[in-house]
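First the proteins, then the strands, lettered A, B, ... as listed; each starts at 1.
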Number of protein chains: 6
Amino acid sequence: MDRQKNGLVVSAHSADFVWRAGGAIALYAKRGWKMTVVCLSFGERGESAKLWKQPGMTLERVKADRRDEARLAADILGADIRFMDCGDYPLRVSDEALFELVDVYRELQPEFVLTHSQKDPYNFDHPLATHVAQEARVIAQAHGHHPEQAVLGAPPVFLFEPHQPEQCEWKPEVLLDISEVWDQKRRAFETMAAQEHLWEYYTRVALQRGVQASRNSNLKIKYAEGYQRVFPQVTGELA
Amino acid sequence: MDRQKNGLVVSAHSADFVWRAGGAIALYAKRGWKMTVVCLSFGERGESAKLWKQPGMTLERVKADRRDEARLAADILGADIRFMDCGDYPLRVSDEALFELVDVYRELQPEFVLTHSQKDPYNFDHPLATHVAQEARVIAQAHGHHPEQAVLGAPPVFLFEPHQPEQCEWKPEVLLDISEVWDQKRRAFETMAAQEHLWEYYTRVALQRGVQASRNSNLKIKYAEGYQRVFPQVTGELA
Amino acid sequence: MDRQKNGLVVSAHSADFVWRAGGAIALYAKRGWKMTVVCLSFGERGESAKLWKQPGMTLERVKADRRDEARLAADILGADIRFMDCGDYPLRVSDEALFELVDVYRELQPEFVLTHSQKDPYNFDHPLATHVAQEARVIAQAHGHHPEQAVLGAPPVFLFEPHQPEQCEWKPEVLLDISEVWDQKRRAFETMAAQEHLWEYYTRVALQRGVQASRNSNLKIKYAEGYQRVFPQVTGELA
Amino acid sequence: MDRQKNGLVVSAHSADFVWRAGGAIALYAKRGWKMTVVCLSFGERGESAKLWKQPGMTLERVKADRRDEARLAADILGADIRFMDCGDYPLRVSDEALFELVDVYRELQPEFVLTHSQKDPYNFDHPLATHVAQEARVIAQAHGHHPEQAVLGAPPVFLFEPHQPEQCEWKPEVLLDISEVWDQKRRAFETMAAQEHLWEYYTRVALQRGVQASRNSNLKIKYAEGYQRVFPQVTGELA
Amino acid sequence: MDRQKNGLVVSAHSADFVWRAGGAIALYAKRGWKMTVVCLSFGERGESAKLWKQPGMTLERVKADRRDEARLAADILGADIRFMDCGDYPLRVSDEALFELVDVYRELQPEFVLTHSQKDPYNFDHPLATHVAQEARVIAQAHGHHPEQAVLGAPPVFLFEPHQPEQCEWKPEVLLDISEVWDQKRRAFETMAAQEHLWEYYTRVALQRGVQASRNSNLKIKYAEGYQRVFPQVTGELA
Amino acid sequence: MDRQKNGLVVSAHSADFVWRAGGAIALYAKRGWKMTVVCLSFGERGESAKLWKQPGMTLERVKADRRDEARLAADILGADIRFMDCGDYPLRVSDEALFELVDVYRELQPEFVLTHSQKDPYNFDHPLATHVAQEARVIAQAHGHHPEQAVLGAPPVFLFEPHQPEQCEWKPEVLLDISEVWDQKRRAFETMAAQEHLWEYYTRVALQRGVQASRNSNLKIKYAEGYQRVFPQVTGELA
């Protein structure tokens with residue numbers, strides 16, 4: 001029997017993967033892949049306004065709530081989820097945490113990686129997560145890092161859509177049809193009670209990218225997610 | 001029986017398609033596609049130095065020689081070829097010629113289009129060819145242009161590698177494995193007697209892009225061609 | 001009494017101004033400005049698919065229908081509209097047409113100008129309209145062009161949002177709150193029977209830009225339009 | 001009575017704010033705003049050549065001299081000034097210092113922020129100051145950072161002009177008329193005895209930006225300062 | 001005796017070469033080179049405001065005045081000057097004019113070429129002049145253009161500084177020390193009676209570029225001109 | 001007797017300087033310059049796959065082998081070499097190491113500096129080396145850093161060619177003819193037994209840059225190295 005294939009998602013905060021890559025995750029889970037989400041932070045400071053407005057709230061309770069929400073969303077999408085608790089606003093990633101992420105790469109040997117955009121003036125944790133996701137990937141490729149382990153190949157890296165794409169110098173180079181898993185993505189959204197104001201926003205993002213996917217392909221696509229590539233696509237096909 | 005699929009190559013001069021897209025052409029021809037090359041010019045002034053050094057050479061003889069060479073190269077690659085004779089150094093494309101190219105799009109309904117980079121400070125005919133290839137494509141999509149004809153869909157456009165890529169702001173976003181048709185491409189090169197100095201240059205380009213394709217994929221790829229995309233890739237696959 | 005102030009909109013096709021700048025037009029009309037839209041083309045070939053599907057349709061009928069629709073939309077927005085009938089797919093602007101547009105600048109002396117993005121790989125008429133709008137503006141500033149007339153000042157130029165902003169290298173540098181005139185813009189949309197598929201698309205654009213405007217300002221803004229500047233803003237205010 | 005409005009300037013070294021933002025500071029101080037300058041460093045190593053040439057000079061004396069000069073300049077401009085003494089050449093900002101700057105944001109609730117360009121190959125402290133100014137701003141917006149405090153809104157950030165603008169990929173997107181406070185700015189310059197060679201340089205900068213402001217507006221503006229925006233302008237006005 | 005070396009300057013209007021390249025011209029003339037300026041237009045409409053304010057002024061008189069001024073400036077700089085009278089605001093260059101410029105390249109065989117920036121939103125004639133200067137250069141390199149003539153080599157092209165450099169996406173990649181010929185350049189300025197407002201502006205440009213040249217080299221340079229390169233520098237020296 | 005002139009090369013790993021700058025090093029060594037290579041790391045993890053495949057290999061043995069190889073290559077090129085042993089995959093440069101590099105600048109007073117590209121998604125150590133090389137250079141220029149020492153001037157910085165240039169946003173702005181020292185560079189290559197797969201790759205790079213150097217200059221150049229500049233070139237010559 002073939003080994004199950006893996007996909008890896010590196011998310012700065014515990015909800016980012018839902019809004020930005022929930023469709024890709026659900027799509028590949030449905031195809032029998034093991035999709036693993038690594039959350040570097042719970043987003044316990046920057047993206048939990050609603051929780052903090054509750055009287056007597058503590059950091060530990062916010063973290064626990066965010067963890068539960070994220071785990072539920074991952075379940076709905078069909079993904080595994082791991083938390084690294086590296087802090088939030090600001091996220092700070094030590095070399096130990098970096099090496100822990102390298103271990104994840106070595107363990108999973110993912111076929112592709114999804115992470116944030118390379119710039120984001122609204123959120124400094126996002127580009128840091130991208131940097132760490134990429135630096136860990138490169139270390140995992142090095143024969144001299146734990147030489148007894150199998151090294152990583154060259155999985156492509158796809159950058160998911162930030163909140164304000166043009167301000168982040170992000171460009172959709174790949175439009176992925178997620179129509180068949182849209183309901184799952186929407187249900188995963190709805191676990192994010194702390195960020196209800198984003199539900200309609202990201203539904204509209206999916207619809208707009210769907211129209212654009214249709215326009216760029218002559219297909220009928222209702223919902224899509226946009227990704228930017230870091231590396232050139234290696235292929236035998238132009239069509 | 002399925003209709004034969006089409007690919008279209010818009011080449012400024014009569015040899016450009018060989019150096020820059022010969023691999024893609026041979027690959028798709030081998031797969032049973034009809035590949036059509038449109039040469040806007042014979043390259044009779046700018047890229048025929050060797051011919052012009054022969055005593056008594058005339059413009060008509062240069063054109064005829066270039067046409068024969070290009071046709072032979074197209075034969076080797078398995079492609080059809082058409083010539084529009086729009087002049088060279090400078091290339092000048094009238095609206096009549098533009099509409100003629102629109103007719104080609106409507107007739108062939110290509111699945112993809114290959115053409116030059118969008119900038120080239122060494123050769124002003126190249127970006128003009130790209131502009132014309134794209135403007136014709138857009139007109140062919142318009143319901144109001146010859147409304148009785150079937151309109152064109154949205155074939156992706158791939159820009160092939162210019163002679164000095166960094167100076168042309170061109171970036172390889174797609175690396176196409178052409179190893180299986182390399183011999184054909186090399187033989188097509190060798191019909192270009194007027195440009196023998198380029199044979200080794202473009203062999204090295206294919207080898208370098210091959211190494212890079214390997215590095216970006218963990219596959220073993222010996223020869224590759226690089227392409228830049230104009231439009232986002234619409235897909236159901238990230239890996 | 002003060003002279004009525006003017007704003008000028010240069011639109012490639014007869015509907016572009018509605019989707020892209022309808023809010024700004026209605027807003028300034030409501031403030032008592034005279035807003036003038038110049039349509040270089042009726043969009044009779046490229047953006048009239050629905051009309052061309054009617055049996056027995058002719059070019060003249062398409063133009064007439066598009067003109068009526070555009071005039072109605074302009075009425076709803078409170079704007080004047082003029083048509084230059086320069087052709088469509090491809091738009092072609094002669095020097096005579098350019099000088100006609102220069103005359104419009106000299107006549108209106110607009111305080112600002114709205115036009116298309118500088119690039120658009122989906123629509124070559126749009127960047128051409130922008131080029132013409134800007135070249136006419138510069139000629140209207142020249143003392144030696146009809147030296148007996150008053151020259152134009154230096155009205156800022158704002159580029160409205162294209163259909164696929166990232167592909168057009170367009171970036172929203174100004175977010176204009178159009179909430180108070182949204183209903184007018186939506187009603188103007190709905191005159192565009194030939195392009196009903198765009199109604200929801202551009203409603204979502206306005207909502208997304210509204211969320212972003214709120215996020216960038218701490219105000220509550222429901223609907224917004226995005227613009228890119230061509231020239232630096234000259235001001236006495238930073239807040 | 002209305003609360004006094006605040007503006008915040010984050011300056012890497014103790015003189016940067018004078019050359020680069022002195023006009024904006026004086027202008028807003030004159031309008032009754034409280035303008036606060038935070039100097040991350042005294043510039044005691046990199047920008048104090050003249051002091052170091054004095055025999056027996058010590059680091060503490062250089063710092064004290066620079067502090068006095070900067071305070072005097074701030075007085076002339078009408079601004080408050082604070083020093084964080086984070087070191088110079090290289091500037092190094094710990095998370096403690098970052099949080100101290102967050103506190104300043106929370107305390108002042110500024111309406112706008114002025115800081116350095118995002119790149120500067122001549123001075124690595126400048127982009128670091130910008131990064132810190134922006135990261136602190138984002139943390140100050142987070143509900144989970146000191147949840148008992150009022151969070152920061154979304155003040156626009158303006159990047160002031162570096163010494164060699166084109167090399168820093170800086171572009172003047174806003175030209176601020178500072179003519180009415182030019183004399184103050186010039187007097188503040190002249191407190192910078194250690195950098196007398198820059199007085200004429202920055203006078204010329206102000207004159208050039210003034211000519212450009214005039215050219216872009218049809219107004220008569222003698223002295224101007226240029227700023228680049230980080231975020232889109234949210235507005236109800238295009239003119 | 002060695003053949004006199006040539007430098008070619010392609011200027012859109014009859015004064016541009018003075019402000020922008022007067023130092024380079026005077027420097028090379030002083031070194032015994034033949035410097036030739038080709039003015040595509042007299043600048044009779046766009047840059048002659050002062051003349052047009054005189055009563056009874058005619059196009060022919062403006063042209064004659066501009067020609068005289070430009071010739072005088074060229075004399076002061078030690079250059080030859082030729083006028084192509086292609087019109088102004090808008091400049092329009094026919095293929096006949098293009099070929100005339102090709103003839104100039106073939107005749108002079110220049111060692112380097114100076115022309116405008118590639119973009120300029122304030123002046124559409126400038127980038128057109130650059131395009132023409134470059135297209136003519138490429139045609140002059142073609143063996144099939146007048147095959148009986150000696151072809152052109154590969155002279156580097158340097159783009160001189162536009163009026164508002166950052167808005168034109170122009171960057172100074174070469175800083176040329178013009179101190180020893182500054183007096184000539186200033187005197188050539190002063191022949192431009194119609195544009196007296198620019199004398200001080202361009203004196204300040206030269207001083208600023210001089211300070212920057214000093215800063216980038218550790219030399220003492222008072223006046224400099226900035227140039228951007230189109231092609232890579234080919235050299236045997238890094239220092 | 002004149003003081004011997006110095007050139008400095010800052011190399012992330014112990015082999016980078018050979019592939020990327022070996023020609024420049026040999027050329028200047030041949031001209032009597034003292035060329036010094038500083039290797040921040042031995043490349044003991046990321047670029048030593050072949051060594052790690054040997055049974056019983058240890059980190060110390062890999063480092064020792066890489067050191068020997070690099071020293072041999074430096075000998076062949078005629079350069080001095082120093083090792084800083086800052087770690088590899090990831091490289092980590094403490095402020096102590098930074099100041100050590102500052103000392104090197106102060107000691108050598110180099111006329112030029114060679115280092116890596118500013119971006120490299122395949123290798124995060126390379127841009128870090130560039131950052132450190134530049135930050136050290138700037139600190140070495142500061143009068144307040146070890147005020148008793150002579151400060152550094154303003155040596156130009158040249159960025160050598162990365163493995164996949166377009167992906168690193170690197171552009172060859174200078175093409176250096178290295179034909180006369182090619183044999184030395186090739187022999188230095190061949191000491192890199194661990195990276196034999198790169199020998200042909202970098203031979204082809206040199207040949208391609210040679211063809212391009214010829215094309216940009218009309219000279220006959222067989223082998224070249226490409227460099228990008230960080231700072232503008234200050235010069236008295238355009239040809």
Colleague: Any donor and acceptor pair, going by atom type alone, linking the side chain of F:Tyr28 with main-chain N or O of E:Leu238 inside 3.5 Å?
Modeller: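 Pair found, side chain donor or acceptor close to backbone of E:Leu238.
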Colleague: How long is the span from the CD atom in E:Glu237 to the CD atom in F:Glu237, to the nearest 0.5 Å?
Modeller: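 Here the rounded value is 11.5 Å.
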Colleague: If you count heavy-atom pairs under 4.5 Å with chain E, which of F:Asp177, F:Val174, F:Ile221 comes out on top?
Modeller: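 So the answer, after comparing F:Asp177, F:Val174, F:Ile221, is F:Val174.
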Colleague: Nearest 0.5 Å, please: how far is CG in F:Leu176 from OG1 in E:Thr235?
Modeller: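 Reported value, rounded in 0.5 Å steps: 7.0 Å.
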Colleague: Select one option (side chain, backbone, both, neither) describing which atoms of E:Gln141 are under 4.5 Å from chain F's heavy atoms.
Modeller: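 For E:Gln141, there is no contact with chain F at all, as no heavy atom is under 4.5 Å.
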Colleague: Of the backbone (N, CA, C, O) and the side chain (C-beta and beyond), which part of E:Leu27 lies under 4.5 Å from a heavy atom of chain F, both, or neither?
Modeller: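 The answer is the side chain of E:Leu27.
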Colleague: Of all the heavy-atom pairs spanning F:Ala154 and E:Ser217, show the shortest one and how long it is.
Modeller: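 Between these two residues, the closest heavy atoms are CB-N, 4.0 Å.
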Colleague: Can you tell me how far CD of E:Gln233 sits from CD of F:Gln233, rounded to the nearest 0.5 angstrom?
Modeller: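 Rounded to the nearest 0.5 Å, the CD-CD separation comes to 4.0 Å.
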Colleague: So what's closer than 4.5 Å to chain F heavy atoms on E:Pro156: side chain, backbone, both or neither?
Modeller: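 Interface part for E:Pro156: side chain.
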Colleague: Under 4.5 Å heavy-atom distance to chain F, tell me which part of E:Ala224 shows up: side chain, backbone, both or neither.
Modeller: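 For E:Ala224, no heavy atom lies under 4.5 Å from chain F.
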Colleague: Picking from F:Lys171, F:Arg31, F:Glu111, which has the most non-hydrogen pairs under 4.5 angstrom with chain E?
Modeller: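 Result: the option with the highest number of such pairs is F:Arg31.
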Colleague: Sort E:Arg215 into side chain, backbone, both or neither according to what part of it lies under 4.5 angstrom from a heavy atom of chain F.
Modeller: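 Answer is backbone: N, CA, C or O of E:Arg215 sit under 4.5 Å from chain F.
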Colleague: What are the two closest heavy atoms between E:Asn216 and F:Pro232, and how far apart are they?
Modeller: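 Looks like OD1-CD, 3.6 Å.
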Colleague: Between E:Phe231, E:Phe112, E:Tyr227, which shows the greatest number of heavy-atom pairs under 4.5 Å with chain F?
Modeller: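 Among the listed options, the one with the most contacts to chain F is E:Phe112.
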